[in-house]
Amino acid sequence: MSQQLSEQELVRRDSLTKLRELGINPYPQALYPVDALSKDIKANYEEGKKVIIAGRLMSRRIQGKASFAELQDSEGRIQVYFNRDEICSGDDHAMYNEVYKKLLDIGDFVGIKGELFKTQVGEISVRVKEFTLLSKSLKPLPLPKTDSEGKVHDAFTDPEMRYRQRYADLVVNPHVKEVFIKRTKLFNAMRTFFNERGYMEVETPVLQPIPGGAAARPFVTHHNSLDIPLYMRIANELYLKRLIVGGFEGVYEFSRNFRNEGMDRTHNPEFTAMEIYVSYKDYNWMMAFTEQLLEYCAIQVNGTTKATFGEHQVDFKAPYKRVTMRQSIIDFTGFDIDGKTEDELRTWCQSNNIEVDETMGKGKLIDEIFGEKCEGNYIQPTFITDYPKEMSPLCKEHRENPELTERFELMICGKEVANAYTELNDPIDQKERFEAQLKLAERGDDEASQFIDYDFLRALEYGMPPTSGLGIGIDRLVMYLTNNQSIQEVLFFPQMKPEKKSVELSESEKAILEVLKKAERMDVGELKNAVGLSGKQWDKGMKGLNKHGLVKVEVDGESKVCVLV
RNA sequence: GACCUGAUAGCUCAGCCGGUAGAGCAUUUCACUUUUAAUGAAAGGGUCCUGGGUUCGAAUCCCAGUCAGGUCACCA
């Protein structure tokens with residue numbers, strides 16, 4: 001891949017050569033004995049203390065024989081003070097004048113041995129006694145700056161560039177780094193919460209012969225030696241339940257799921273869910289468990305149960321409100337779905353501006369009403385309970401109403417964050433529900449599952465204890481806890497369309513070359529006429545050829561001659 | 001999938017009615033020993049996203065496309 005280097009990149013490559021000529025390895029092998037971090041230095045300042053620090057050079061203010069610079073390490077930035085006479089011995093000033101001033105650049109990794117002091121204006125700084133180039137940076141970083149009023153100039157904000165070059169984003173945007181630190185804190189908090197209760201973190205297959213546990217379009221791949229298709233997992237539910245059958249009390253997994261569907265600011269083709277299954281529990285227990293968990297996580301991540309999301313203030317403090325789906329619909333529409341026939345529901349939808357079609361059954365219709373009229377109203381964490389049976393093929397029938405299931409979803413800011421069941425463990429009922437799904441799929445409902453996992457049914461036949469399971473959309477939760485409106489902001493490397501490749505010769509360039517090849521050299525005016533391109537095409541073509549170094553224009557007084565190189 | 005907006009120097013952005021491509025930071029050179037985004041002076045740096053059209057002439061107008069962002073639709 002050939003690539004035009006900018007002037008600044010060429011300068012840095014040149015510096016690289018000069019450093020080597022001075023006997024300085026720009027990419028040394030040896031470890032650097034770092035013994036201090038910027039944050040600790042500032043927190044525990046001691047005048048004159050010797051420190052060894054390392055990081056990226058992020059700014060420089062050079063004034064003659066002295067210079068202030070900022071070094072950025074994993075914890076932040078610290079000011080360092082370079083003085084020619086401190087780092088150079090005798091009359092040899094090369095280390096300061098040449099190496100520091102000319103051959104180092106912003107972005108270089110440098111190791112520094114020095115002493116702590118405070119400048120006249122009181123800023124904690126490191127007086128450099130000795131510095132070592134640890135790694136040369138050949139590409140200039142974006143360079144946001146913060147002024148004395150805290151205003152940021154030249155911020156690196158273009159989402160396309162930030163997502164494609166997340167490494168640069170992380171270097172120059174500390175608030176972006178903070179999001180990912182919080183993301184990891186959330187994982188750690190959940191693990192702690194589960195592990196303290198004796199539940200076990202497990203791993204289940206990502207490549208599955210049957211994609212189950214959710215209705216979603218899977219990615220398909222192919223295993224060569226088995227010569228079978230394999231699907232990337234869309235959910236891990238069925239595998240975790242097999243482990244409950246196997247006798248674990250509680251199992252959980254942070255599962256990367258893959259769904260071959262549309263992408264937008266809340267959907268990435270791969271996303272992270274956490275699923276946990278606990279035996280001998282039901283969904284009432286799971287609701288209490290969930291609100292305790294989220295309260296704990298919010299505190300571990302943000303130090304408080306309160307979080308800001310856009311215009312909303314959300315409080316994760318338990319307990320959360322519980323509303324049945326039936327009551328929710330009554331609350332927002334005055335319509336009671338209880339005991340209504342499919343036709344009655346459809347008629348109501350039609351007269352209330354809800355789009356429906358003939359393929360929708362009762363469950364789907366109720367779901368539409370809820371989605372249209374209720375869902376968006378739940379800002380504070382709220383459990384919506386008791387979903388219609390058709391929508392929940394893996395969930396146990398409600399103990400009081402056979403048309404419903406023991407299921408809840410947790411709504412926050414109008415979106416689903418968690419989904420939980422009293423799990424269906426009756427193998428015969430489960431088989432019938434799978435078969436019903438299959439029929440729906442055959443009829444063309446693309447949301448219904450197209451596979452029956454007979455091995456999962458076999459597992460249930462051995463017997464699964466009563467179990468409750470919970471799934472949490474981790475990315476969405478991170479969005480809420482870090483006040484980000486898009487999933488791309490909380491994924492290190494969101495999926496992007498491939499960057500376009502630079503094309504070879506354009507048609508106009510080829511046309512000009514064609515004519516010029518016969519003549520070797522030609523007057524520019526004549527050449528333009530001979531090629532017969534429009535002004536714009538001609539201009540583009542010539543610029544392109546010039547750039548590729550294929551033609552050259554020789555100017556001699558009035559005449560301009562185009563020459564093949 | 002529909003619609004709206006955007007793409008110009010390494011970065012952030014101007015660029016009017018179509019007429020030689022601009023600023024700040026960054027870079028290079030020179031001066032400067034405690035500075036706080038921004039010392040002074042000078043210089044260099046461009047596939048104006050791609051392709052086509054209109055035009056004597058296009059960064060600018062028109063069409064098509066690419067990529068991104070947003071709104072909506074879809075979405076267990």
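Every chain is numbered from 1 and lettered A, B, ... according to where its sequence line falls, protein lines coming before strand lines.
Following rounding to the nearest Å, A:Lys139 (NZ) and B:rG45 (C1') show an atom-to-atom distance of 15 Å. In this structure, A:Gln488 atom CD and B:rC67 atom C1' are separated by 14 Å, rounded to whole Å. Counting to the nearest Å, the C1' atom of B:rC67 and the CE atom of A:Met496 are 8 Å from each other. Taking atom CD1 on A:Ile87 and atom C1' on B:rU33, their separation rounds to 13 Å, with Å as the unit. Protein atom CG of A:Asn173 is 14 Å distant from nucleotide atom P of B:rC11, rounded to whole Å. Rounded to a whole Å, the CG atom of A:Asp158 is 9 Å from the C1' atom of B:rG69. Residue A:Glu261 contributes atom CD, which lies 14 Å from atom C1' of B:rA73 at whole-angstrom precision. If you measure from atom CE of A:Met325 to atom P of B:rA76, you get 12 Å, rounded to the nearest angstrom.
Ranking B:rU36, B:rA76, B:rC32 by closeness to the A:Ile62 side chain, first place goes to B:rC32. Of the candidate nucleotides B:rU35, B:rU12, B:rU33, B:rU33 has the atom lying nearest to any side-chain atom of A:Asn83. Relative to the side chain of A:Arg164, the nucleotides B:rC67, B:rU34, B:rG69 differ in distance, and B:rC67 lies closest. Picking from B:rU33, B:rG69, B:rA76 the nucleotide with the shortest atom distance to the side chain of A:Ala215 gives B:rA76. For A:Lys65, counting side-chain heavy atoms from C-beta on, the closest listed nucleotide (B:rA76, B:rG69, B:rU33) is B:rU33. Comparing B:rG69, B:rU36, B:rA37 against the side chain of A:His153 picks out B:rA37 as the nearest.
Atom C1' of B:rA37 sits at a distance of 13 Å from the matching atom of B:rU12, rounded to the whole Å. Taking the P atom of each, B:rA68 and B:rC16 are spaced 28 Å apart, rounded to whole Å. Here the separation of B:rA73 from B:rU60, taken at their P atoms, is 35 Å to the nearest Å. Across the P atoms, B:rC25 and B:rA41 are found 11 Å apart, a figure rounded to whole Å. Distance check on atom P: B:rC17 versus B:rG6 gives 15 Å, rounded to whole Å. Using atom C1' as the reference point in both B:rU55 and B:rG19, the two lie 12 Å apart (nearest Å). A gap of 4 Å separates the C1' atoms of B:rC48 and B:rA59, to the nearest Å. B:rU27 and B:rG44 are spaced 8 Å apart, taking the C1' atom of each and rounding to whole Å.
Ranked by how close their nearest RNA chain B nucleotide is to the 5' end, A:Ser486 and A:Glu409 are led by A:Ser486.
By the side-chain contact (heavy atoms from CB on, under 4.5 Å) test, A:Lys241 pairs with A:Glu237, A:Tyr277, A:Leu394, A:Glu423, A:Phe456, A:Met464, sequence neighbours left out. For A:Phe219, the ring pair (Phe, Tyr, Trp, His ring centres under 6.0 Å) test picks out no residue, with sequence neighbours left out. For A:Lys129, the side-chain contact (heavy atoms from CB on, under 4.5 Å) partners at least two apart in sequence or on another chain are A:Glu86, A:Glu115, A:Arg127. With sequence neighbours excluded, no residue satisfies salt bridge (charged side-chain N to carboxylate O under 4.0 Å, His left out) with A:Lys42. Residues passing the side-chain contact (heavy atoms from CB on, under 4.5 Å) test with A:Leu104 are A:Leu57, A:Arg60, A:Tyr100, A:Asp108, A:Val110, A:Phe131, A:Leu133, sequence neighbours excluded. Looking at residues two or more places apart in sequence or on another chain, you find a side-chain contact (heavy atoms from CB on, under 4.5 Å) between A:Pro218 and A:Pro211, A:Tyr231, A:Ile234.
A:Thr467 and A:Tyr421 share no donor-acceptor pair across their side chains, judged by distance under 3.5 Å alone. There is no side-chain donor-acceptor pair under 3.5 Å between A:Asn268 and A:Gln495. A donor and an acceptor atom, one from each side chain of A:Lys102 and A:Asn97, are nowhere located under 3.5 Å apart. For the 3.5 Å distance criterion, the side chains of A:Asp386 and A:Tyr283 qualify, holding a donor opposite an acceptor. Side chain to side chain, A:Arg12 and A:Ser137 meet the donor-acceptor criterion of an N or O pair below 3.5 Å.
Pairs engaging residues 166-176 of chain A under the side-chain hydrogen bond (donor to acceptor under 3.5 Å, both in side chains) rule: A:Arg162-A:Asp169, A:Arg166-A:Asp169, A:Asp169-A:Asn173 [sequence neighbours left out].
Residues A:Arg433 and A:Glu435 are not in side-chain contact: their nearest non-hydrogen atoms beyond the backbone lie 4.5 Å or more apart.
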Kindly give the atom pairs (protein nitrogen or oxygen, nucleotide nitrogen or oxygen) under 3.5 Å for nucleotides 6-9 of chain B.
none

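If you check every strand for non-hydrogen atoms under 4.0 Å, A:Asn419 touches nothing. Residue-level contact check: A:Asp367 touches neither bases nor backbone, having no heavy atom under 4.0 Å from any strand.
Proximity of a side-chain donor or acceptor of A:Asn377 to a complementary backbone N or O of A:Lys373 within less than 3.5 Å is detected.
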Quiz: residues 117-125 of chain A side-chain donor-acceptor pairs under 3.5 angstrom, not counting sequence neighbours:
from, atom 1, to, atom 2, distance (Å)
A:Thr119, OG1, A:Val121, N, 3.4
A:Thr119, OG1, A:Gly122, N, 3.4
A:Thr119, OG1, A:Glu123, N, 3.1
A:Ser125, OG, A:Gln79, NE2, 3.0
A:Ser125, OG, A:Glu123, O, 3.0

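In RNA chain B, consecutive stretches of 3 or more Watson-Crick or G-U wobble pairs with both distances under 3.5 Å are given as paired ranges: B:1-7 with B:66-72, B:10-13 with B:22-25, B:27-31 with B:39-43, B:49-53 with B:61-65.
With a glycosidic angle more than 90° from 0, B:rC67 adopts the anti conformation.
Ring-plane geometry between A:Tyr81 and A:Phe68 is classed as tilted, the angle between the planes lying from 30 to 60 degrees on a 0 to 90 degree scale.
Contacts between residues 117-127 of chain A and RNA chain B, defined by a heavy-atom separation under 4.0 Å, are made by A:Phe117, A:Thr119, A:Gln120, A:Val121, A:Glu123, A:Arg127.
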- Encode nucleotides 23-30 of chain B as B, S and - characters from 5' to 3', where the letter depends on protein heavy atoms closer than 4.0 Å: B to the base, S only to sugar-phosphate, - to neither. -BSBSS-S
